[in-house]
Amino acid sequence: MTDDRVELLVTVVLAAEGERAARAACRELVWQVDGRIVEATDCSAEEPGCWSVTLRVPSEERATHNVAAPLARAVRQFVRGLGPDFVVPTVSCEPPTAWTVLDDPDAIESLATGAERLLVEAWYGGDPYPAGPAEIQESSQESDPEKAEKPPEPQQPVRRHRPPAGDTGPAPSCRLTLRVDVATSRVAGAQWQARALASRISRTATVAGVTAHDGVLSVLVDLGTAHTPVPQTVLTAVSALDRPGWSALRWEGDTALTTWTADPRPEAGITELELSSSPDAQRRRG
């Protein structure tokens, strides 16, 4: 049965002296929204001492035949629940994701010391790339100690394709990567758009780097590993993004790639996407 739960991801951008301080600054917000810290990222490339802390927050919304409505409603309800000082800004919705940005430092700092911006994302759907056993263990070790009494969320079983006859070893794994080119001068804005897309594909997406070229910021997102054949992994991700106009699958060595290009190219926003998958590095070295 398809999971119809709507989930919230809330990312706080704040000034802190390190990861421990960034997590500690968000402690009261974690308790206020009954959330759980799932990632803390050093954003000092944008400005010194900048960190982003991402929380997973429960939502009672459920996806229906009109997916956009519960997604947008989950975002609005979360913002209203922060208190009377918060006015709900415009909510962008491109199912299966909806998001908004709170950019009022005076109000946001009341939620977390040093906070400057808040990204609120709502999304739904099962994860087509569940973490393998090693990743699940690593994720559990990095969970927030303040919420340690909460039982871990159930993990979906790792999908495996049928091995060739005579092969009794484990199914090979491959790594999936998403590149998002955004016409913007702000690193945080580019990362947020990349995260919104990546959240449709994987719950374990992490930003691997940001580079500037040809007037855009290119965000590279590591979407984790999948236990499916390389080309199938890419095509499954394309299906999850539900965006027409992708190029035919092509190969560069043992890497399968496909790209999507905006036509005409916008002055602001996403200009190009690239999905690529290749055998996992550890597997290749084995």
Side-chain angles (χ1 to χ4, degrees), residues 7 9-11 13 38-39 41-47 50 52 54 71 75 91-101 103 117-125 127-129 174-226 230 233-250 252 255-278:
E7 296 197 64
L9 290 178
V10 179
T11 301
V13 177
V38 294
E39 183 181 56
T41 304
D42 184 357
C43 302
S44 56
E46 179 183 3
E47 54 185 282
C50 179
S52 70
T54 301
L71 286 172
V75 173
V91 176
S92 301
C93 190
E94 190 176 336
T97 302
W99 67 94
T100 194
V101 178
D103 204 2
R117 295 185 296 276
L118 222 70
L119 167 66
V120 183
E121 302 170 80
W123 61 281
Y124 88 100
D127 183 2
Y129 302 99
C174 58
R175 184 160 294 276
L176 183 67
T177 302
L178 170 67
R179 174 174 58 80
V180 183
D181 289 354
V182 186
T184 180
S185 60
R186 299 177 62 246
V187 172
Q191 287 185 338
W192 286 344
Q193 294 195 56
R195 287 178 185 275
L197 287 174
S199 68
R200 306 178 197 179
I201 303 171
S202 172
R203 298 181 185 181
T204 59
T206 56
V207 173
V210 181
T211 57
H213 66 89
D214 299 331
V216 301
L217 292 178
S218 185
V219 184
L220 192 65
V221 185
D222 183 349
L223 298 174
T225 57
V230 167
T233 301
V234 174
L235 295 177
T236 301
V238 167
S239 177
L241 289 179
D242 193 24
R243 183 185 295 251
W246 289 86
S247 68
L249 199 66
R250 66 186 188 277
E252 293 182 3
T255 300
L257 307 94
T258 182
T259 55
W260 174 92
T261 304
D263 186 18
R265 172 171 165 163
E267 295 183 1
I270 296 174
T271 63
E272 187 170 276
L273 306 173
E274 180 184 86
L275 281 162
S276 61
S277 179
S278 57

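Heavy atoms only: backbone and side chains are in, while hydrogens, waters and symmetry mates are out.
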Minimum-distance pair of heavy atoms, taken over all atoms of Leu223 and Ala205: CD2-CB, 3.7 Å

Closest non-hydrogen atom pair between Ala198 and Val221, with its separation: CB-CG1, 3.8 Å

Approximate separation, where rounding is to 0.5 Å, of Asp181 CG and Thr271 OG1: 4.5 Å

Distance, nearest 0.5 Å, that separates CG of Leu249 from OG of Ser277: 9.5 Å

Atom of Val210, atom of Gln191 and distance for their closest heavy-atom approach: CG2-NE2, 3.6 Å

Ala194 to Val219 - nearest heavy-atom pair and separation: CB-CG1, 3.6 Å

Heavy-atom side-chain contact between Thr236 and Leu176 under 4.5 Å: no

Separation of Leu217 CG from Thr211 OG1 (nearest 0.5 Å): 8.0 Å

Pairing residues for Glu274 by the salt bridge (charged side-chain N to carboxylate O under 4.0 Å, His left out) criterion, not counting sequence neighbours: Arg179, Arg250

Over all atoms of both residues, closest heavy-atom pair of Pro244 and Trp260: O-NE1, 3.0 Å

pair Ile270-Leu197: side-chain heavy atoms closer than 4.5 Å: yes

Distance (rounded to the nearest 0.5 Å) between Leu119 CG and Gln193 CD: 10.0 Å

Least distance between heavy atoms, Ala196 atom then Glu121 atom: CA-OE1, 3.3 Å

Inter-residue atom distance Leu273.CG - Thr259.OG1, 0.5 Å rounding: 9.0 Å

Val207 side chain reached by Arg195 side chain, heavy atoms, under 4.5 Å: yes

Within-4.5 Å side-chain heavy-atom neighbours: Val216 and Arg265: yes

Side chain to side chain, Val230 and Ser278, heavy atoms closer than 4.5 Å: no

Inter-residue atom distance Leu275.CG - Leu235.CG, 0.5 Å rounding: 9.5 Å

Among Val234, Thr261, Val238, side chain to side chain contact (heavy atoms under 4.5 Å, CB included) partner for Trp246: Val238

